[in-house]
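Throughout, protein chains are lettered first and strands after them, A, B, ... in sequence-line order, and every chain is numbered starting at 1. Quick caveat: nothing in here was measured; it's all calculated off a predicted structure.
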Amino acid sequence: KQEVTQIPAALSVPEGENLVLNCSFTDSAIYNLQWFRQDPGKGLTSLLLIQSSQREQTSGRLNASLDKSSGRSTLYIAASQPGDSATYLCAVSFNNAGNMLTFGGGTRLMVKP
Amino acid sequence: NAGVTQTPKFRVLKTGQSMTLLCAQDMNHEYMYWYRQDPGMGLRLIHYSVGEGTTAKGEVPDGYNVSRLKKQNFLLGLESAAPSQTSVYFCASSYGGPGANVLTFGAGSRLTVL
């Protein structure tokens with residue numbers, strides 16, 4: 001079974017720190033990998049989508065990288081702010097999974113003022 | 001610009017009751033999805049649709065039915081609710097398949113089955 005894993009499940013950092021969230025997946029045959037943000041009691045908001053042919057994507061203070069051969073992606077958040085506190089989920093579109101995205105369990109981030 | 005709207009936001013059912021969750025999108029998206037989110041399980045796909053009049057099973061379809069009579073609406077039905085269906089349900093839509101397209105999510109519907 002293809003799986004997506006996010007470690008750690010929770011992370012607490014002081015404001016201003018640069019941080020890295022990790023996502024690993026079990027099959028390198030993917031179409032893309034997406035990072036989402038989820039605020040408590042809310043839906044998911046797409047942050048970045050990396051196609052299988054790409055190595056990284058950037059949006060503001062966020063940078064996501066993809067290493068298919070090792071089955072890993074990282075989400076780098078620069079100069080973290082309390083407003084970045086949320087749960088971050090990664091999701092993978094595997095080649096043989098049709099129209100299904102496989103989600104990781106998420107990392108719950110708290111940025112302390 | 002509403003995006004994806006889910007109704008109702010909260011619902012409490014007794015075991016054996018039936019209900020329908022409604023998802024509406026105003027972005028002219030072809031693909032629509034229903035996910036459930038449970039603690040420690042992440043999001044799992046229940047059913048999806050690749051266009052008006054089509055539906056397909058996802059990872060956890062048992063106990064649910066869906067319909068896509070209009071392009072903008074995707075309905076999720078529970079015919080006989082069970083406590084195991086207590087969850088937060090999310091609808092999402094995309095222009096094309098998830099292999100190349102970003103998904104837009106609704107705010108979620110929290111269902112409790114007693």
Side-chain angles (χ1 to χ4, degrees), chain A residues 1-10 23-27 29-54 57 59 62 64 66 68 86-108, chain B residues 2-7 9-10 21 23-25 27 29-51 54-61 66 68 74 88-110:
Chain A
K1 181 183 177 184
Q2 294 161 326
E3 295 182 345
V4 178
T5 304
Q6 293 184 249
I7 296 174
C23 173
S24 61
F25 46 95
T26 54
D27 186 348
I30 69 172
Y31 286 120
N32 66 43
L33 183 145
Q34 301 187 42
W35 282 95
F36 293 88
R37 168 182 173 142
Q38 185 176 27
D39 293 288
K42 301 291 180 63
L44 282 69
T45 300
S46 180
L47 297 174
L48 292 164
L49 182 152
I50 312 177
Q51 297 291 359
S52 63
S53 59
Q54 298 174 319
Q57 282 283 352
S59 176
L62 305 179
L66 175 64
K68 283 195 308 179
T87 296
Y88 291 82
L89 298 102
C90 70
V92 176
S93 177
F94 291 104
N95 283 1
N96 63 356
N99 294 298
M100 195 177 307
L101 276 180
T102 302
F103 282 81
T107 295
R108 189 170 65 254
Chain B
V4 177
T5 303
Q6 295 181 229
T7 53
K9 289 183 169 43
F10 301 94
L21 297 177
C23 176
Q25 54 95 3
M27 298 170 286
H29 284 171
E30 290 292 336
Y31 285 63
M32 296 187 75
Y33 317 82
W34 276 107
Y35 287 88
R36 59 178 290 172
Q37 185 176 35
D38 303 291
M41 301 289 291
L43 275 82
R44 293 178 292 169
L45 183 64
I46 305 171
H47 286 280
Y48 65 95
S49 168
V50 301
T54 75
T55 63
K57 295 180 180 180
E59 182 183 0
V60 288
V66 288
R68 183 97 182 269
F74 195 30
V88 181
Y89 292 85
F90 287 98
C91 178
S93 70
S94 61
Y95 183 75
N101 295 270
V102 171
L103 271 64
T104 301
F105 280 80
S109 297
R110 183 175 295 275

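- Put simply, of A/G43, A/G106, A/G105, the one with the most heavy-atom pairs under 4.5 Å next to chain B is A/G43.
- When heavy atoms are compared at a cutoff of 4.5 Å, A/Q38 approaches chain B solely by way of its side chain, counted from C-beta outward.
- Applying the side-chain hydrogen bond (donor to acceptor under 3.5 Å, both in side chains) criterion to A/R108, with sequence neighbours excluded, gives no partner residue.
- Here the closest heavy-atom approach between residue A/L89 and residue B/L43 is recorded as CD2-CD1, 3.9 Å.
- Contact annotation for B/V4: neither backbone nor side-chain heavy atoms come within less than 4.5 Å of a heavy atom of chain A.
- When every heavy atom of B/L103 is checked against every heavy atom of A/S46, the shortest pair comes out as O-CB, 4.2 Å.
- Counting non-hydrogen atoms of neighbouring residues, nucleotides and ligands closer than 6.0 angstrom, the CZ atom of B/R44 exceeds 12 such neighbours.
- A/Q34 approaches B/V102 most closely through the heavy-atom pair OE1-CA, 3.9 Å.
- For A/F94, no part sits under 4.5 Å from any heavy atom of chain B, backbone or side chain.
- Proximity to chain B is absent for every atom of A/I30, based on heavy atoms less than 4.5 angstrom apart.
- Between atom CD of residue B/Q37 and atom CG of residue A/L44 there is a gap of 6.5 Å, rounded to the nearest 0.5 Å.
- Side chains of A/L101 and B/Y35 form a contact here, defined as non-hydrogen atoms less than 4.5 Å apart.
- Shown here are the ring pair (Phe, Tyr, Trp, His ring centres under 6.0 Å) partners of B/F90, two or more places apart in sequence or in another chain: there are none.
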